[in-house]
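One structure is given below, encoded as structure tokens.
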Amino acid sequence: MLQVSYIRENREQVLERLAVKNFKQPELVDEVVKLDELRRQTQNTLDGISAEANAAAKQIGELMRTGKKEEAEIIKSKSNVWKEEIKKLSEQYAKVEEELQQKIVLLPNLPHSSVPKGITPEDNEIALEHGKKPELYAGALPHWELAAKYNLIDFELGVKITGAGFPVYKGKGAKLQRALIAFFLDEAEKAGYDEMMLPLVVNEASGFGTGQLPDKEGQMYYIGEDKLYLIPTAEVPITNLYRDVILKADELPVKNCGYTACFRREAGSYGAHVRGLNRLHQFDKVEIVQVVQPETSYQVLEQMSGHVQSLLQKLELPYRVLRLCGGDMSFASALTYDMETWSAAQQRWLEVSSVSNFETFQSNRLKLRFRNAEGKTQLAHTLNGSALALPRIVATLLENNQTEKGIKIPEVLVPYTRFEWID
RNA sequence: GGUGAGGUGCCUGAGAGGCCGAAAGGAUCAGUUUGCUAAACUGACGUACGGGAAACUGUACCGAGGGUUCGAAUCCCUCCCUCACCGCCA
């Protein structure tokens with residue numbers, strides 16, 4: 001959520017930045033400014049009248065105590081006028097504020113100045129490419145066929161017990177999942193992230209805090225009986241740990257990581273390009289989150305991007321880093337890097353991580369502040385990234401490392417899998 | 001699921017219609033003192049939104065929402081949450 005005071009003082013710049021994000025309702029900005037103006041006016045009059053009424057009430061108390069009943073009655077008779085006025089104005093104020101709130105949550109975050117203009121994924125900027133795309137032997141298979149051939153993943157069994165998009169991992173397939181999770185967590189810990197194990201369901205307030213609600217409820221599984229949502233990412237519970245919190249300056253940066261299963265409804269997205277592990281309703285992911293001082297957030301973003309890249313390098317996967325264009329960025333982000341690995345058998349890039357700086361967009365909703373050098377409260381910056389999401393990593397690993405005699409496990413993973421080959 | 005207790009500031013906890021944005025203690029920060037540490041003493045110490053160049057100042061907030069009243073943390077209603085015990089259970 002953008003800050004009203006910022007919009008009010010930087011109207012032109014806000015409009016210009018929103019255009020980069022290809023935002024379709026720029027008129028909302030002026031509506032917000034107008035509502036804010038009305039809000040402040042209303043508060044001004046309301047406060048004034050309340051002040052008078054408060055003073056009068058105090059005076060009545062004083063008069064009653066000193067036994068001057070008649071004088072008290074005189075003032076009392078007047079206070080009915082204030083009472084009605086106050087009621088009317090408070091209702092008006094509440095209404096204006098609600099309208100303002102409804103409008104302002106529709107405004108996406110402003111993109112950073114380095115965000116390329118553009119609308120579709122084709123407009124994303126390739127920041128760098130690393131590693132060599134492997135040449136596969138003639139009989140190479142896509143991962144869903146490898147998964148069946150080596151009995152690693154059973155999609156049909158998942159359909160039977162739950163539905164499409166809920167795979168069952170078996171044998172070495174299951175162990176590979178566990179190995180990757182442990183590897184990712186260990187690497188995050190080495191990079192200074194404190195590990196958390198978190199609830200997989202969250203309440204409405206948490207959904208609002210990170211921006212899934214209102215509006216995107218269709219993407220989350222909802223447990224109506226208890227009014228709880230299954231998390232689409234660990235970002236939600238981790239970031240919400242700091243909802244309504246004022247941190248001390250020396251507590252920053254906060255660095256947390258956590259493994260969770262993630263649940264996404266992905267309503268309406270079926271087809272060839274989402275075959276196998278390419279898109280699931282339930283998947284595993286290790287997430288990294290940082291809460292930092294505003295001046296440092298872009299430096300931290302690079303550092304987080306570096307961490308994700310180091311994981312891909314250690315896994316010996318060819319990858320590229322995209323700087324997302326305005327149109328392809330998420331609602332809440334100011335700058336996002338996507339990491340994609342090259343899937344040799346599918347001959348396409350697969351998104352395996354997304355690292356974003358949200359600046360104050362989330363913290364404003366969360367009321368996540370810190371006490372700055374002047375002792376004043378100030379909104380912190382939040383960042384997060386996948387480090388990493390498993391399914392497409394598994395897909396790429398299986399496909400890229402396949403040989404005639406089986407699938408070779410990358411060296412760094414062997415201590416975790418305790419096998420070198422899937423054969 | 002049943003029964004009971006309770007939600008007050010960073011924490012513990014008092015307050016039971018006006019003197020309450022809220023005692024006291026702890027924590028924290030600043031200062032004084034002692035050779036260091038520790039202790040003692042003194043002071044500061046909620047948040048948000050307005051107004052103001054600033055000093056400062058107005059309003060709101062004691063789980064949430066409504067009501068009674070000139071006046072509500074305090075009385076009434078509704079809801080939410082937490083804890084304890086019982087039942088069930090990994």
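Convention: sequence-line order gives letters A, B, ...; per-chain numbering from 1.
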Sticking with atom [atom1], work out how far [N] lies from [M], rounded to a whole angstrom.
| N | M | atom1 | answer |
| --- | --- | --- | --- |
| B/rU8 | B/rU3 | P | 25 Å |
| B/rA16 | B/rC85 | P | 31 Å |
| B/rA64 | B/rC11 | P | 15 Å |
| B/rC36 | B/rA84 | P | 47 Å |
| B/rU42 | B/rA24 | P | 13 Å |
| B/rA14 | B/rC70 | C1' | 28 Å |
| B/rG9 | B/rG65 | P | 16 Å |
| B/rA44 | B/rG7 | C1' | 29 Å |

[Y]/[X] salt bridge by N-O under 4.0 Å criterion:
| X | Y | result |
| --- | --- | --- |
| A/Glu37 | A/Lys34 | no |
| A/Lys248 | A/Glu251 | no |
| A/Glu91 | A/Lys88 | no |
| A/Arg323 | A/Asp338 | no |

OP1, OP2 of [N] versus side-chain N and O of [X]: anything below 4.0 Å?
| X | N | result |
| --- | --- | --- |
| A/Arg371 | B/rG46 | no |
| A/Lys87 | B/rG67 | yes |
| A/Arg369 | B/rA48 | yes |
| A/Arg40 | B/rG51 | yes |

A/Lys172 to A/Phe419, cation-pi by 6.0 Å centre distance and 45° axis angle | yes
Are A/Arg365 and A/Phe208 in a cation-pi setup, meaning NZ or CZ lies under 6.0 angstrom from the ring centre and within 45 degrees of the ring axis?
-> yes
Hey, does [X] reach any base, or is it just sugar-phosphate, or nothing, if we go heavy atoms under 4.0 Å?
| X | answer |
| --- | --- |
| A/Ile75 | nothing |
| A/Thr377 | sugar-phosphate |
| A/Lys376 | nothing |
| A/Ala56 | nothing |
| A/Leu46 | nothing |

How would you list, by chain and number, every residue that makes a ring pair (Phe, Tyr, Trp, His ring centres under 6.0 Å) with A/Phe183, sequence neighbours excluded?
-> A/Tyr416
Nearest whole Å is fine: how far is [N] [atom2] from [X] [atom1]?
| X | N | atom1 | atom2 | value |
| --- | --- | --- | --- | --- |
| A/Arg8 | B/rG50 | CZ | C1' | 9 Å |
| A/Asn80 | B/rG71 | CG | C1' | 12 Å |
| A/Gln59 | B/rC70 | CD | P | 16 Å |
| A/Glu204 | B/rC80 | CD | C1' | 12 Å |
| A/Tyr93 | B/rU59 | OH | P | 15 Å |
| A/Asp244 | B/rA48 | CG | C1' | 12 Å |
| A/Phe208 | B/rA64 | CZ | C1' | 16 Å |
| A/Glu91 | B/rG67 | CD | C1' | 13 Å |

With ring centroids as reference points, do A/Phe361 and A/Phe331 lie under 6.0 angstrom apart?
-> yes
For the rings on A/His112 and A/Tyr298, is their centre-to-centre separation under 6.0 Å?
-> yes
Compare the minimum distances between each of [options] and the side chain of [X], then state the nucleotide with the smallest one.
| X | options | result |
| --- | --- | --- |
| A/Gln43 | B/rC70, B/rG58, B/rA48 | B/rG58 |
| A/Asn54 | B/rA60, B/rG67, B/rG18 | B/rA60 |
| A/Ser50 | B/rG51, B/rG58, B/rA60 | B/rA60 |
| A/Arg39 | B/rU59, B/rG50, B/rU47 | B/rG50 |

Test side-chain hydrogen bond (donor to acceptor under 3.5 Å, both in side chains) on A/Arg392 and A/Thr341 and set out the steps.
-> CA-CA 8 Å; A/Arg392 294 176 193 155; A/Thr341 54; over 6 Å; no
Pairing string, 5' to 3', for RNA chain B - Watson-Crick or wobble contacts under 3.5 Å, brackets [ ] where pairs cross, | to another strand = ((((((((.[[[..)..(.....]]].(((((.......))))).((((((....)))))).[[[[[..)....]]]]])))))))....
Want to settle it: does A/Ala51 or A/Lys76 sit nearer the 5' end of RNA chain B, counting the closest nucleotide to each?
-> A/Ala51
Which residue lies toward the 5' end of RNA chain B, A/Ser5 or A/Ser77, if each is placed at its nearest nucleotide?
-> A/Ser5
